[in-house]
Amino acid sequence: PPTRLDGCRRPRTNGRRPGRRGTTLALYRIEGGFPLTGTIRVGTAKNAVLPILAAALLVEQGTTELEEIPNLRDVATMEAVLESLGIRIERRGTTHRLDARAIHSTEPPAELVGLMRASVLVMGPLLARMGEVRVALPGGCNIGSRPIDQHLKGFQALGAEVQLEQGIVTARASRLLGTTIYFDFPSVGATENVLMAATLAHGETVIENAAQEPEIVDLANFLNAMGARIRGAGTGTIRVEGVSRLSGTSYLPIPDRIEAGTYLVAFAFTGGEGYVEGAIAEHLVPVIAKLREMGHYLEEDEDGIRIVATRDPKPVDVKTQPYPGFPTDMQPQFLALLATVPGTSVVTETVFENRFLHAAELAKMGARIRIEGRTAVVEGTSLVGARVRATDLRAAAALVLAGLAARGTTEVLEIVHIERGYERLEEKLKGIGAKIERVEDKDLAPEPPPLFLPRFLAPGETVGRGT
């Protein structure tokens with residue numbers, strides 16, 4: 001059996017606007033005001049699957065079999081990147097078998113890398129195994145600047161020669177050498193990339209100020225299952241003793257903590273009650289704490305989390321931090337939730353500088369939100385249905401949740417973002433009582449996009465009706 005060891009730039013679609021399937025445009029149409037009840041199951045974590053897929057590049061002996069792989073756009077993009085490098089992928093339902101024994105390229109196509117930031121995760125494995133890699137700077141969500149300088153710093157510390165010219169990164173090394181690396185910021189992507197590279201380096205590598213997310217632990221467990229020697233994953237210091245080669249294995253990645261948190265907020269938002277099956281409470285400590293602080297009842301067990309929403313929620317303050325702090329990928333959902341809670345709440349975003357674009361969309365539904373730099377001051381009110389446009393993956397989820405709680409009909413455009421990270425979202429929500437449908441219509445004409453998206457509203461400016 002397989003082993004389990006325990007947050008967009010719009011994708012290019014051959015010239016078509018995102019959200020199209022063939023010649024149609026898609027949106028979610030939601031009738032709000034219905035409490036959600038029942039059991040909803042969490043899928044496999046996209047943010048665990050993507051680095052694990054990239055790590056399959058390290059395998060020279062045998063094949064890698066991954067179980068319960070979600071059918072998501074980002075997963076499809078990563079697999080397309082791997083296939084362009086020479087990996088053969090056999091898909092049988094949700095089980096994907098990867099054969100990386102015949103890698104023939106160390107340069108993934110720029111058009112694929114530009115679709116998704118996580119594509120940069122092939123750098124560490126290719127550098128370690130093939131001795132070189134050439135990658136265009138990655139794409140990703142429109143939530144702020146996310147440079148890869150810490151990735152490159154780590155490669156250089158391991159002995160690689162790194163060049164960045166005209167948006168192309170080239171790294172070469174005849175053999176990586178273990179060393180001590182200190183990250184200026186506990187970057188998840190940099191930790192994953194350097195961790196993978198270090199598995200085949202000569203000697204011991206020590207990564208200081210490493211990211212501690214559950215997805216880091218899952219990647220380390222996967223690498224260890226293939227023969228790597230990693231200790232300390234999930235702490236600020238990771239130690240890697242390099243090995244000569246890695247072998248294939250079978251593995252089951254962890255459940256998606258952000259998807260689980262989104263469903264918990266959905267129950268709270270609509271005044272419902274239910275059970276989030278597959279949620280790991282240990283991965284959601286700050287989310288659970290804030291929901292309890294608002295007055296909601298949550299009960300944890302080994303199979304999931306039960307929530308009973310209070311009818312008298314209290315305002316709270318939320319500040320995003322690297323794990324184990326409050327996750328930035330849950331900030332949009334909480335901002336939407338707090339927009340309906342009487343009183344004043346304050347949401348502070350410390351991870352990304354451009355992650356309040358959804359505030360303007362929530363304003364169309366009546367939300368009263370004032371942006372002051374990296375802080376949003378929220379005055380609770382009731383929401384009404386409106387046509388809104390998703391700006392990134394988690395913002396899209398927040399707008400769907402707002403639509404579930406609002407009076408009347410909400411239409412969420414650009415749901416291509418949802419499909420990057422939530423599998424069959426409308427089907428799952430229907431299963432717990434949501435009135436939501438996916439609408440595809442060749443005659444559907446969305447509002448034209450703005451000429452530009454401001455990084456912030458003006459300091460002190462309020463968005464919302466009647467303000």
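Residue numbers start at 1 and run along the sequence shown.
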Report summary line: Result for side chain to side chain contact (heavy atoms under 4.5 Å, CB included) between Val120 and one of Val169, Val133, Ile148 points to Ile148

Query raised in the report: Can you tell me how far CD1 of Ile216 sits from CD1 of Ile238, rounded to the nearest 0.5 angstrom?
Result: 6.0 Å

Query raised in the report: Is any NZ, NE, NH1 or NH2 atom of the basic residue among Glu241 and Arg229 found under 4.0 Å from an Asp or Glu carboxylate oxygen of the other?
Result: no

Requested in this report: Assess the side chains of Thr328 and Arg355: does a donor N or O sit below 3.5 Å from an acceptor N or O?
Outcome: yes

Requested in this report: With side-chain hydrogen bond (donor to acceptor under 3.5 Å, both in side chains) as the test, would you mind laying out the steps for Thr237 and Glu208 before giving the verdict?
Outcome: CA-CA 5 Å; Thr237 301; Glu208 299 280 7; 2.8 Å; yes

Query - Thr199/Leu246 under side chain to side chain contact (heavy atoms under 4.5 Å, CB included): CA gap, chis, key distance, verdict - result: CA-CA 9 Å; Thr199 59; Leu246 297 178; 4.0 Å; yes

Report task. Report the distance from atom CD1 of Ile280 to atom CD of Glu302, rounding to the nearest 0.5 Å. Result -> 11.5 Å

Report summary line: Between the CG atom in Asn47 and the CG atom in Asp74, the distance rounded to the nearest 0.5 Å is 8.5 Å

Requested in this report: Check the surroundings of atom CZ in Arg231: do more than 12 heavy atoms from other residues, nucleotides or ligands lie under 6.0 Å from it?
Outcome: no

Query raised in the report: Shortest non-hydrogen contact from Ala397 to Thr262?
Result: CB-CG2, 4.3 Å

Query raised in the report: Could you walk me through whether Arg374 and Glu349 pass the salt bridge (charged side-chain N to carboxylate O under 4.0 Å, His left out) check?
Result: CA-CA 5 Å; Arg374 287 180 177 247; Glu349 175 59 60; 5.7 Å; no

**Report entry** Expected output: side-chain Asn209 to main-chain Phe183 donor-acceptor under 3.5 Å
**Finding:** yes

Report summary line: d(Thr205 OG1, Leu195 CG) to nearest 0.5 Å is 9.5 Å

Requested in this report: Nearest 0.5 Å please: distance from the CG atom of Asp149 over to the CG atom of Leu164.
Outcome: 10.5 Å

Report task. Any chance you could lay out the side-chain hydrogen bond (donor to acceptor under 3.5 Å, both in side chains) test for His358 and Gln331, step after step, and finish with the verdict? Result -> CA-CA 11 Å; His358 47 287; Gln331 178 261 103; 3.0 Å; yes

Query raised in the report: Is the number of heavy atoms from other residues, nucleotides or ligands under 6.0 Å of Lys319 NZ greater than 12?
Result: no

Query raised in the report: With a 4.0 Å cut-off, would you call Arg134 and Glu132 a salt bridge?
Result: no

Query - Val122 vs Val81, side chain to side chain contact (heavy atoms under 4.5 Å, CB included): CA-CA, chis, key distance, verdict - result: CA-CA 9 Å; Val122 303; Val81 169; 3.9 Å; yes

Query - Heavy-atom closest pair, residues Leu219 and Ala55 - result: CD1-CB, 4.0 Å

Report task. Find out whether Val135 and Glu107 are in side-chain contact, i.e. whether some heavy atom of one side chain is under 4.5 Å from a heavy atom of the other. Result -> no

Query raised in the report: Charged N to carboxylate O under 4.0 angstrom, Glu423 versus Lys428?
Result: no

Report task. For the pair Thr63 and Leu98, evaluate side chain to side chain contact (heavy atoms under 4.5 Å, CB included) and give the outcome as yes or no after the intermediate values. Result -> CA-CA 6 Å; Thr63 60; Leu98 292 83; over 6 Å; no

Query raised in the report: Mind checking whether Tyr323 and Arg257 have side chains closer than 4.5 Å, heavy atoms only?
Result: yes

Query raised in the report: Just checking, is any N or O donor in the side chain of Glu192 or His151 under 3.5 Å from an acceptor N or O on the other one?
Result: no

Requested in this report: If a pair satisfies salt bridge (charged side-chain N to carboxylate O under 4.0 Å, His left out) and one of its residues is in residues 280-292, list it, with sequence neighbours excluded.
Outcome: Lys290-Glu293, Arg292-Glu300

Report task. Measure the shortest side-chain to side-chain distance between Ile230 and Arg239 over non-hydrogen atoms and say whether it is less than 4.5 angstrom. Result -> no

Report task. Apply salt bridge (charged side-chain N to carboxylate O under 4.0 Å, His left out) to Glu161 and Arg172, showing your working. Result -> CA-CA 5 Å; Glu161 177 185 342; Arg172 295 185 179 89; 5.5 Å; no

Query raised in the report: Under the 3.5 angstrom rule, does the side chain of Arg129 hit a backbone N or O of Val59 as a donor-acceptor pair?
Result: yes

Query raised in the report: Would Arg424 and Glu419 pass as an ion pair if we require N to O under 4.0 Å?
Result: no

Query raised in the report: Around Arg245, counting heavy atoms of other residues, nucleotides and ligands shown, do more than 12 lie under 6.0 Å from its CZ?
Result: no

Query raised in the report: Does the side chain of Glu273 pick up a donor-acceptor pair with the side chain of Thr37 at under 3.5 Å?
Result: no

Query - side chain to side chain contact (heavy atoms under 4.5 Å, CB included) between Ile40 and Phe267, worked out - result: CA-CA 10 Å; Ile40 188 168; Phe267 285 118; 4.0 Å; yes

Query raised in the report: Would you say Asn221's side chain and Val217's backbone share a donor-acceptor pair under 3.5 angstrom?
Result: yes

Query raised in the report: So, for Ala211 and Val188, which heavy atoms are closest and what is the spacing to 0.1 Å?
Result: CB-CA, 3.7 Å

Report task. Evaluate the side-chain proximity of Leu112 to Leu115: yes if any heavy-atom separation is below 4.5 Å, no if none is. Result -> yes

Query raised in the report: Any donor-acceptor pair under 3.5 Å linking the side chain of Thr44 with the backbone of Glu68?
Result: yes

Query raised in the report: Does the side chain of Tyr275 come under 3.5 Å of the side chain of Asp303 through a donor N or O and an acceptor N or O?
Result: no

Query raised in the report: Would you say the side chain of Phe222 lies within less than 4.5 Å of the side chain of Pro51, judging by non-hydrogen atoms?
Result: no

**Report entry** Side-chain touch Leu298/Ile307, heavy atoms, less than 4.5 angstrom
**Finding:** yes

Query - Glu65 and His96: side chain donor to acceptor below 3.5 Å - result: no

Query raised in the report: How many angstroms lie between CZ in Arg73 and CD1 in Ile418, if you round to the nearest 0.5 Å?
Result: 11.5 Å

Query raised in the report: With no hydrogens and no angle check, is any side-chain donor or acceptor of Glu259 less than 3.5 Å from a backbone partner on Pro255?
Result: no

Requested in this report: Decide if atom CZ of Arg175 counts as having more than 12 heavy atoms of other residues, nucleotides or ligands within a radius under 6.0 Å.
Outcome: yes

Query raised in the report: Between Leu121 and Asn193, what is the shortest heavy-atom contact and its length?
Result: O-OD1, 3.4 Å

Requested in this report: Could you tell me whether the side chains of Tyr422 and Arg394 share a donor-acceptor contact shorter than 3.5 Å?
Outcome: yes

Query - Note, Thr191 side chain near Glu213 side chain (heavy atom, < 4.5 Å) - result: no

Report summary line: When every non-hydrogen atom of Leu36 is compared with those of Gly433, the smallest separation belongs to CD2-C, 3.9 Å

Query raised in the report: salt bridge (Lys or Arg N to Asp or Glu O under 4.0 Å) with Arg29: which of Glu440, Glu411, Glu426?
Result: Glu411

Query raised in the report: Can you find a heavy atom in the side chain of Ile103 that is under 4.5 Å from one in the side chain of Met130?
Result: yes

Report summary line: When every non-hydrogen atom of Pro327 is compared with those of Thr320, the smallest separation belongs to O-CG2, 4.2 Å

